[in-house]
Amino acid sequence: MTSKLSDWAKEFLRDDHVAVVGTLNNDGSSHLTTMWYLFTDDGTLVMSTPGRNQKVKNLRRDPRIALCVGDESRSVSLYGTVTISEDLALVRQDIEHLVERYVQDAGIRPQVSATLVQQSRVALHFTPEKVTEFSV
């Protein structure tokens, strides 16, 4: 485990993938979900999710988060603590960037963004403190 991402890992995180995100339930068990994410130039991982779901409840109680992105021969796992924001301007900005990354049809992006904004979402940001990379 290191605290820095290699160049190949940075490029891999910018490729077309979704992440598996892990948080800790009240009883200490793992809560895993897949999520859209954005890896920014400054190394921050950005996500957006409805504020009422289990992962947000878990993160409000314990901000530790794990995120894994992988394919058949490579993976990058990232660990750290998350910041949760309900600031509507930030949430909207993050949603627009995520929709731009994941929705290929530019014509429907405004509609998808509007639908997501109406879901009372929060912004999740974290800069990895520990990193594990795997490649065959």
Side-chain angles (χ1 to χ4, degrees):
M1 224 182 274
T2 68
S3 61
K4 301 220 179 206
L5 287 163
S6 67
D7 288 340
W8 83 260
K10 291 175 186 175
E11 288 307 311
F12 183 75
L13 291 171
R14 288 185 177 101
D15 287 346
D16 189 22
H17 301 285
V18 295
V20 176
V21 174
T23 62
L24 294 171
N25 287 318
N26 224 5
D27 64 2
S29 63
S30 299
H31 179 267
L32 302 173
T33 57
T34 56
M35 289 186 70
W36 289 357
Y37 72 93
L38 180 66
F39 180 68
T40 65
D41 291 338
D42 71 358
T44 300
L45 286 123
V46 173
M47 296 163 284
S48 177
T49 189
R52 294 165 290 178
N53 68 23
Q54 187 62 46
K55 80 176 119 317
V56 175
K57 291 175 187 174
N58 290 347
L59 291 168
R60 288 189 194 283
R61 187 186 67 261
D62 183 340
R64 291 179 292 173
I65 191 168
L67 184 141
C68 183
V69 177
D71 64 16
E72 62 278 351
S73 62
R74 301 170 295 171
S75 67
V76 178
S77 296
L78 309 131
Y79 309 89
T81 54
V82 72
T83 301
I84 302 170
S85 175
E86 296 178 19
D87 177 88
L88 190 54
L90 178 62
V91 171
R92 186 181 308 270
Q93 173 186 298
D94 288 354
I95 287 170
E96 288 172 2
H97 289 144
L98 288 161
V99 167
E100 185 176 329
R101 171 172 159 77
Y102 285 97
V103 177
Q104 300 303 311
D105 183 347
I108 65 167
R109 286 180 187 157
Q111 179 183 353
V112 172
S113 292
T115 299
L116 294 175
V117 167
Q118 292 174 359
Q119 294 177 347
S120 299
R121 298 176 80 88
V122 296
L124 303 177
H125 289 207
F126 90 99
T127 302
E129 298 161 12
K130 296 179 184 174
V131 176
T132 304
E133 301 175 3
F134 174 78
S135 179
V136 249

| Under 3.5 Å, is there a donor-acceptor pair between the side chain of Gln54 and the main chain of His31? | no
| note | Output for pair (Lys57 NZ, Arg61 CZ), nearest 0.5 Å, gives 10.5 Å
| Just how far is it from atom CG of Leu116 to atom CD of Gln118, taken to the nearest 0.5 Å? | 9.5 Å
| message | Run Ile65 and Met47 through side-chain contact (heavy atoms from CB on, under 4.5 Å) and show every step you take. | response | CA-CA 12 Å; Ile65 191 168; Met47 296 163 284; 4.0 Å; yes
| Between atom OG of Ser30 and atom CG of Asn25, what is the distance when rounded to the nearest 0.5 Å? | 7.5 Å
| field | Minimal non-hydrogen separation, Leu32 against Gly22, with atom names | value | CD2-CA, 3.6 Å
| task | Work out which heavy atom in Leu38 is nearest to a heavy atom in Leu98; give both atom names and the distance. | result | N-CD2, 3.7 Å
| task | Measure across Met35 and Lys55 and return the closest heavy-atom pair with its distance rounded to 0.1 Å. | result | SD-CE, 3.2 Å
| message | Show every side-chain hydrogen bond (donor to acceptor under 3.5 Å, both in side chains) that has at least one partner inside residues 93-112, sequence neighbours left out. | response | Tyr37-Arg101, Asp94-His125
| Donor-acceptor contact below 3.5 Å, side chain Asp42 vs main chain Thr44 | yes
| task | Could you state whether Phe134 and Trp8 fall into the same hydrophobic cluster, counting links through intermediate Ile, Leu, Val, Met, Phe, Trp or Tyr residues with side-chain heavy atoms under 4.5 angstrom apart? | result | no
| note | Thr81 and Phe126 have their tightest heavy-atom pair at O-CB, 3.2 Å
| task | Report yes if some heavy atom in the side chain of Leu5 is under 4.5 Å from a heavy atom in the side chain of Leu78; otherwise report no. | result | yes
| request: State the OG-CG distance between Ser135 and Asp71, to the nearest 0.5 angstrom. | output: 8.5 Å
| request: Apply side-chain contact (heavy atoms from CB on, under 4.5 Å) to Asp87 and list each qualifying residue two or more places apart in sequence or on a separate chain. | output: Ser85, Ala89, Leu90
| note | Shortest non-hydrogen pair, Ala66 vs Tyr79, comes out as CB-CD2, 3.7 Å
| query | Where do Val56 and Ile84 come nearest, in terms of heavy atoms and distance? | reply | O-CD1, 4.3 Å
| message | Could you check whether atom CG of Asp41 has more than 12 heavy atoms from other residues, nucleotides or ligands sitting under 6.0 Å from it? | response | no
| request: Working to the nearest 0.5 Å, report the span between CD of Glu133 and CZ of Phe12. | output: 10.5 Å
| message | Distance check, rounded to the nearest 0.5 Å: Leu59 atom CG versus Leu24 atom CG? | response | 8.5 Å
| Side-chain heavy atoms of Val103 within contact of Trp36, under 4.5 Å | yes
| Between Arg74 and Glu11, does at least one N-O distance fall below 4.0 Å, as a salt bridge requires? | no
| said: If you apply the rule side-chain contact (heavy atoms from CB on, under 4.5 Å), what do you find for Arg60 with Val122, and how did you get there? | reply: CA-CA 12 Å; Arg60 288 189 194 283; Val122 296; 4.0 Å; yes
